[in-house]
Amino acid sequence: MKSLKFHEGVDGILRKISVSLDDGIRSSDLEIRQKFFGINRYVEKPSRSFWMFVWDALQDLTLIILMICAVISIVVGLPTEGWPKGMYDGLGILLSIFLVVIVTAVSDYKQSLQFKALDKEKKKIFIQVTRDGYRQKVSIYDLVVGDIVHLSIGDQVPADGLFISGYSLLIDESSLSGESEPVYISHQKPFLMAGTKVQDGSAKMLVTSVGMRTEWGKLMETLSQGGEDETPLQVKLNGVATIIGKIGLLFATLTFLVLLVRFLVYKANNVGLSKWYPNDALSILNYFAISVTIIVVAVPEGLPLAVTLSLAFAMKKLMDDKALVRHLSACETMGSANCICTDKTGTLTTNHMIVEKIWICEESKTYNDKESSDQLLSFVSEKVISILLQCIFQNTGSEVVRGRDGKNTILGSPTETALLEFGLHLEGANNTQHQNCKKLKVEPFNSVKKMMSVLIYLPGVGTRAFCKGASEIIVGMCDKIIGSDGNAVSLSEEQKRNVMDGINNFACEALRTLCLAFKDMDESHSGEDIPTVGYTLIAVFGIKDPVRPGVKEAVQSCLAAGITVRMVTGDNINTAKAIAKECGILTDDGLAIEGPEFRSKSPEEMKDLIPKIQVMARSLPLDKHKLVTNLRGMFNEVVAVTGDGTNDAPALHESDIGLAMGIAGTEVAKENADVIVMDDNFTTIVGVARWGRAVYINIQKFVQFQLTVNVVALMVNFVSACIIGNAPLTAVQLLWVNMIMDTLGALALATEPPNDEMMKRPPVWKGENFITRIMWRNIIGQSVYQLAVLGILMFDGKRLLKLNGPNVDAVLNTFIFNTFVFCQVFNEINSRDMEKINVFRGIFRNWIFTAVLSSTVVFQIIIIEILGTFASTVPLNWQLWLLSILIGSISMVVGAILKRIPVQKVNLSAYDQNDYEPLPSGPEVV
């Protein structure tokens, strides 16, 4: 403060940095100011390069062991088998490892770029400033020292600055100071800090420092940005991966021991254990490499990868559909949501408001054009119009600004905009002067008080208070009503009933009602407080806000999917009921309740009441918070909540999925949300639920596919080692199979887009096992078929295929490997749907799946026909190729037969968890 006084206060600072209070800075000075004072950006941690991801992929312990095996194989192989034959086994393993590492690194790198782009989108914040004499919206990154910023409730302070003017400015500095108590900012305490949030009031602020020179910027230098936490599904699947990995380790150890013991017994019987040759070391090394490769195949590192891939893909698609996912886990949680608590205004409705009716001087008038203005002026006096216009233009949080094109633009909320448009229309017809008023005190609108008040000084009249807000609250504050001659008369009980009837009639027509009143202060008033009683009623407005197109269908889609939609609004109960019926939310047996009644109920009463609630009107943010807490606590529901105001932050934070509005939402609401709905549309929220379900089901498909490959690969090599004494699938072949089922499998199955069938089944209950009975049926059935086929080929393949010649073993092992791979290719197609027989539906719409499948087949041909030296394979004739494909395709027939076997599903509703009775699924739930 001492320093500020030395510079002659805010006015002195304005002069010294060449800023006009009315016009702001000149746009032509932007570059000079940025060069001199810095830009409004924080230094970010440099993003990781592609080679860092390659290095991460190489850190895998099993791959390191395999690389050591490969090097030893080359070192031992060259002296024993000579050049180049001694190189083949080791080089084959190294090439396979290289391929696995590159594919993993490319996948991870692309995801990191995607998350970086999404992170950039999260930080796009726009703020109102005065520049070149005009009020305009600019990105916070374009702010410079000298900018005059307009702050309102819910805004984030974009830079350090000084308070110029404002009303009741309350700042939450907890993010900077850790203090939970908000701070009042005024001329006595004018310092505003970047990163803090406006909790109440409004103000103009002069920017004095930006970017890394702000207090927040200095703090940011000492912090390193944390990464995204693992999602619940990733945590769950990491546990599954650990268990499977341990089973794989056991099988690998047993396989190695069996092969080693058989080798030692054979050596003892034929040569003796005293004589050892380099080839013996090579054989033991080969056994060890096979065992390590079994671990590589068994450890399903593709599980977490599949979750990340699926979530990243869903996030990108949702971004295209106007939903910005701030937290990864929200995508998957939304798939389990069985309740959505939604706002009305702007979410279910268009948020484009116009005044349709007005109740004034005990008469109700429909308002739509200039003719209506003339009618209004014909039956009420100029004095009434003057008071009405004073209330509209003085008691507002919005502003009428003139653009560069000379046209008026209204900046503010849709409700305020509707009133100001009405006021401008009426003012043009009447030409009443209201600009010569001086504001003394302002109490901005908030969702707790449900009203806004202002105290003004009028030359020749004195001090006058205006208030506007929720109709029944304002009517309760009035004891007089304005007559058509402009004089106030006592408000009798009968007149009060007439007013309330008018309000209810408006509400039943789905109009938002807003009441305006005034009070002339006597000389005894101190001027400190705005009164709360003794007002004179001016008018009641009926404001139309039409239902958004497609909302009714979206609500029906939610009901069919087992998701209950509840409307929670601050509006009049009759308006709320009318809109809820139009949207299909309120049914005949549903309950509409007001906030005060809800909060007065005991916990026992709430237990009976909450399942029936479909509409909550005149609710406070705390009522929404209480409803969400009870839905989650009492009924164990997965709740999604929409919010736009600063006071919605607790409910958004408490819910399983917080959905903030991108247009109407404040920065505080967005920061507490998991998903930002960019177009404020309820249909977009249903899209998030669809993608959430797609993520969960896609990962289930992938797990089913991967476990089948795991079981078959482990059993084939283990049984073969025990009985025959060698493994038909070599280290290089197993590494290729590992890549098919991990990275490529994840890419193919985890990126399937949602379909309509997903929204015809109930949501997944919180405690339901991830691997369902249907999945176990498919895994066991497919594994039995593949093991039977490969077992027959291993033990009787030569006779059945009528193979002969010097390389008969190599041909058989290559055929077994080829058949095994084609079984996986067709099983991948089979895994596209775990329940439906038709797995080809929409296959060509998912180009990623088609591309992965095609490239797998092409690579398989190259491995067998061209890279046989490295992969220990030999070329096959066309008959054996066709037979491999035929055996593989039969796995789809097996899949179709398995899907005909009925499996009891257990889907527990939130209200029936103790009954353990299966509920019907699909449209019949509705």
Side-chain angles (χ1 to χ4, degrees), residues 7-40 124-153 155-167 169 185 187 190 192 194 198 201-211 389 392-413 416-417 419-421 423-425 427-428 431 433-439 442 444 454 456:
H7 288 288
E8 299 173 37
V10 176
D11 291 335
I13 299 282
L14 282 163
R15 276 196 310 275
K16 289 178 182 183
I17 58 173
S18 308
V19 178
S20 157
L21 190 56
D22 295 326
D23 297 341
I25 64 161
R26 291 191 299 273
S27 294
S28 55
D29 294 344
L30 276 177
E31 277 188 42
I32 302 165
R33 288 178 183 273
Q34 284 181 338
K35 197 173 179 181
F36 199 79
F37 297 111
I39 55 170
N40 198 29
K124 276 187 185 172
I125 299 170
F126 289 87
I127 199 106
Q128 297 273 354
V129 299
T130 298
R131 275 186 193 170
D132 301 321
Y134 299 104
R135 180 103 168 245
Q136 49 194 276
K137 255 187 182 183
V138 300
S139 165
I140 57 164
Y141 295 132
D142 295 333
L143 279 186
V144 292
V145 168
D147 260 322
I148 290 168
V149 175
H150 300 262
L151 297 172
S152 54
I153 294 179
D155 281 346
Q156 184 173 303
V157 179
D160 285 1
L162 294 168
F163 175 85
I164 299 171
S165 62
Y167 307 100
L169 188 65
I185 301 293
H187 290 293
L192 288 150
V198 181
S202 59
K204 269 189 197 175
M205 156 191 154
L206 171 68
V207 175
T208 55
S209 58
V210 291
L389 289 174
I392 288 171
F393 287 106
Q394 297 301 321
N395 188 24
T396 180
S398 297
E399 202 172 331
V400 181
V401 295
R402 194 173 292 277
R404 289 177 183 173
D405 55 2
K407 291 180 180 176
N408 284 333
T409 307
I410 300 168
L411 301 171
S413 70
E416 296 263 26
T417 302
L419 277 185
L420 288 173
E421 279 176 350
L424 287 168
H425 213 208
E427 185 187 39
N431 200 24
Q433 294 296 312
H434 58 80
Q435 283 87 353
N436 52 354
C437 307
K438 184 190 173 187
K439 285 187 185 179
V442 175
V454 64
I456 65 166

In Å, rounded to the nearest 0.5 Å, how long is the span from [atom1] of [X] to [atom2] of [Y]?
X      : Y      : atom1 : atom2 : answer
Leu14  : Lys16  : CG    : NZ    : 11.5 Å
Leu143 : Gln34  : CG    : CD    : 10.0 Å
Ile25  : Ile17  : CD1   : CD1   : 9.5 Å
His425 : Leu420 : NE2   : CG    : 14.0 Å
Ile164 : Ile148 : CD1   : CD1   : 4.5 Å

**OP:** Take Asp142 and Leu30 through the side-chain contact (heavy atoms from CB on, under 4.5 Å) test and state the conclusion after the steps.
**Re:** CA-CA 8 Å; Asp142 295 333; Leu30 276 177; 5.9 Å; no
**OP:** Please identify each residue that fulfils side-chain hydrogen bond (donor to acceptor under 3.5 Å, both in side chains) with Asp29, with sequence neighbours left out.
**Re:**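 side-chain hydrogen bond (donor to acceptor under 3.5 Å, both in side chains) list for Asp29, sorted by chain: Arg26.
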Original post:
With sequence neighbours left out, what residues match Lys439 under side chain to side chain contact (heavy atoms under 4.5 Å, CB included)?
Top reply: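 Partners of Lys439 under the side chain to side chain contact (heavy atoms under 4.5 Å, CB included) test: Tyr167, Gln394, Val442, Val454, Ile456.
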**OP:** Indicate the atoms forming the closest heavy-atom contact of Pro158 with Ile140, along with that distance.
**Re:**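 Closest approach of Pro158 to Ile140: CB-CG2, 3.7 Å.
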Subject >> Closest contact, heavy atoms only, Pro444 versus Gly201 >> reply: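 That would be CG-CA, 3.4 Å.
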Subject >> Asn40 vs Val207, side-chain contact (heavy atoms from CB on, under 4.5 Å): CA-CA, chis, key distance, verdict >> reply: CA-CA 10 Å; Asn40 198 29; Val207 175; over 6 Å; no
According to salt bridge (charged side-chain N to carboxylate O under 4.0 Å, His left out), who are the partners of [X], at least two apart in sequence or on a separate chain?
X      : answer
Asp11  : none
Glu416 : Lys468
Asp147 : Arg131

Any side-chain heavy atom of [X] within less than 4.5 Å of one from [Y]?
X      : Y      : result
Arg33  : Val19  : yes
Leu192 : Leu169 : yes
Val138 : Ile127 : yes
Tyr141 : Ile125 : no
Ile13  : Leu206 : yes

Subject >> Residues which pass ring-ring contact (aromatic ring centres under 6.0 Å, His included) with His187, listed by chain and number, not counting sequence neighbours >> reply: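 ring-ring contact (aromatic ring centres under 6.0 Å, His included) check on His187 returns Phe163.
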Original post:
Strictly by modelled atom types, are His150 and Thr130 linked by a side-chain donor-acceptor pair under 3.5 Å?
Top reply: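 Note: His150 and Thr130 side chains meet the donor-acceptor criterion.
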**OP:** Answer yes or no: is there a donor N or O on one side and an acceptor on the other, between the side chain of Asp132 and the main chain of Ser27, under 3.5 Å?
**Re:**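 It does hold such a pair.
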Subject >> Reference residue Met205; test side-chain contact (heavy atoms from CB on, under 4.5 Å); the match among Val157, Val129, Ile185, Asp155 >> reply: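 One option only clears the test, and that one is Val157.
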Original post:
Could you go step by step and tell me if Val144 and Val210 meet the side-chain contact (heavy atoms from CB on, under 4.5 Å) rule?
Top reply: CA-CA 7 Å; Val144 292; Val210 291; 5.7 Å; no
